[in-house]
Amino acid sequence: MRGLPVPRAALAGLERYNPEAGACPLDVSDNTSLWGPSPAAERAVRLVSAQSISRYPPADPRALCAALADYAGVTPEQVVTGCGSDDVIDCTLRAFAEPGEAVAFCAPTFSMLPTFARVNGLRPHGVPFRPDGDLDVEALLSARARITYVASPNNPTGREASARALEQLLASAEGLVLVDEAYGEFAERSWVPSLQRFPHLLITRTLSKAFGLAGLRVGYGLGAERVVAALALVRGPYKVNAVAERAALAALTEDLPWVRARTAEARDVRERLAAELRRVGLSPLPSGANFLCIPVAHAASWGARLLARGVRVRVLRALPGLGDALRIGVGPWDSMEVVLAALRAVVAEGLR
Ligand SMILES: *Cc1c(COP(=O)(O)O)cnc(C)c1O
């Protein structure tokens, strides 16, 4: 008898990404848009001709790349799309490192990054952030990694890397530097203008957060033409489906004022929420994203008590250098008042 096929050794111990789900009146746990989708994208989804779905979408969505290029301020040849920016990150690891090589990053960061490294046969090499919360550039450089990953703003902390640290990293890194700007729209600064100076810089972005289109799975990478061409090769054709392509194009061509208004509102709400949290005695970290990270003791108890009050937040346990924390997505102020009322009630029960 033949035994069951055994998966590759690198997969041992990896767990599937499976966040807590299920019905909850207010879910602020996943950083998606609490303002809903871009209205133009929603209209496009309704109007897409059902006939068109019997055929493949464009293998390389040129119109979409052109619209993304306009939005980002680069040329269409500098854009590669994917099934979410997850897909672009995964392809980057496969395209630019040989099995066994290292991917360096400061921890804690995007939880999928070490998993993507392992499933691609690479070695995740996490180093701590500096005590002040900034990138530890020396430690990243001393890993001499083929790929260095920096999420700015970072998830789950919300912090932006300082310009000084990231400049220094870009000036000295030998391998590819992947800057993940999933939350770039909410931040002080984007690194897209620096593409001109650094051919080894690749930036990933997404329509999942500021555009409110997480369910459609559209992400993109921006970089030097030859870098982007390698990613398109590794990715393969048809990763942006026909419906997503129409909707993304509609959002980018008709709805940028809507996106900019919601983004500005999210930034205002974030600062207002942070001030209210401090009044309650909590200490949110500075954030350049559409969420706040709040270190607490016993995050699991907080999570359970908030859930009992109809609010789901992300519970983060034992983050390196930070310990337990809660991550709360920002949305329209009336929903933030619901979150605050639940938090105040938990504080009144004596939890800190
Ligand atoms: C949400 C997120 C992404 C993006 O995901 P998509 O696959 O584009 O939906 C990428 N990086 C970070 C850090 C994120 O938080």
Side-chain angles (χ1 to χ4, degrees), residues 16-19 21 27-34 37-38 41 61 64 68 71-72 79-94 103 105-117 119 124 126 129 135 147-161 166 177-187 190-191 202-222 231 235 239-241 244-245 247-248 251-252 259 263 266 270 285 287-293 313-314 316 319 325-331:
R16 275 163 69 167
Y17 183 74
N18 199 5
D27 188 338
V28 294
S29 72
D30 68 2
N31 305 341
T32 53
S33 176
L34 296 165
S38 135
L64 179 55
L68 287 166
Y71 172 58
V79 182
V80 59
T81 52
C83 178
S85 55
D86 272 21
D87 184 27
V88 183
I89 294 167
D90 185 32
C91 289
T92 305
L93 302 187
R94 225 167 15 261
V103 181
F105 56 91
C106 284
T109 193
F110 189 35
S111 63
M112 286 307 295
L113 197 268
T115 303
F116 285 148
V119 300
F129 279 96
L135 296 175
I147 299 173
T148 304
Y149 170 90
V150 175
S152 184
N154 188 34
N155 180 5
T157 59
R159 284 188 196 254
E160 278 183 71
L166 202 37
V177 178
L178 196 178
V179 175
D180 181 341
E181 290 192 353
Y183 303 98
E185 280 88 352
F186 307 99
S190 165
W191 288 82
L202 177 79
I203 296 173
T204 54
R205 301 189 116 206
T206 181
L207 301 193
S208 295
K209 308 282 161 58
F211 285 75
L213 302 179
L216 289 175
R217 316 298 307 123
V218 181
Y220 56 105
L222 307 171
L231 292 183
R235 177 206 56 192
K239 290 300 191 291
V240 177
N241 72 67
E245 192 227 359
L252 287 158
V259 171
T263 304
R270 178 184 75 206
L285 302 179
S287 172
N290 65 343
F291 59 85
L292 290 170
C293 182
V313 303
R314 182 59 56 89
L316 302 160
L319 297 175
L326 305 175
R327 197 189 64 195
I328 299 180
V330 303

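Side-chain atoms are counted along with the backbone in the values below, which use heavy atoms only and exclude waters and symmetry mates. We count ligands from 1, going down the list as the structure has it; atoms in each ligand are counted the same way.
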Completion exercise
residues 203-216 vs salt bridge (charged side-chain N to carboxylate O under 4.0 Å, His left out), sequence neighbours excluded, gives E181-R205

Exercise for the section: Would you check ligand 1 and list the protein residues that come within less than 4.0 Å of it by any heavy atom, ordered by chain and number? Expected result: G84, S85, D86, F110, Y149, N155, D180, A182, Y183, T206, S208, K209, R217

Practice task
Please work out which of the three classes, parallel, tilted or perpendicular, describes the rings of F291 and Y183, given edges at 30° and 60°.
Solution key: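 Aromatic pair Y183/F291 classed perpendicular.
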
Fill in the blank from the handout: SG (C106) and CZ (R159) are apart, to the nearest 0.5 Å, by 12.0 Å

Problem - Between CG on residue L231 and CG on residue L222, distance to nearest 0.5 Å - result: 10.5 Å

Problem - N241-R217 side chain donor-acceptor pair, cut-off 3.5 Å - result: no

Exercise for the section: I would like to know whether N290 and R270 meet side chain to side chain contact (heavy atoms under 4.5 Å, CB included); could you show each step before the answer? Expected result: CA-CA 7 Å; N290 65 343; R270 178 184 75 206; over 6 Å; no

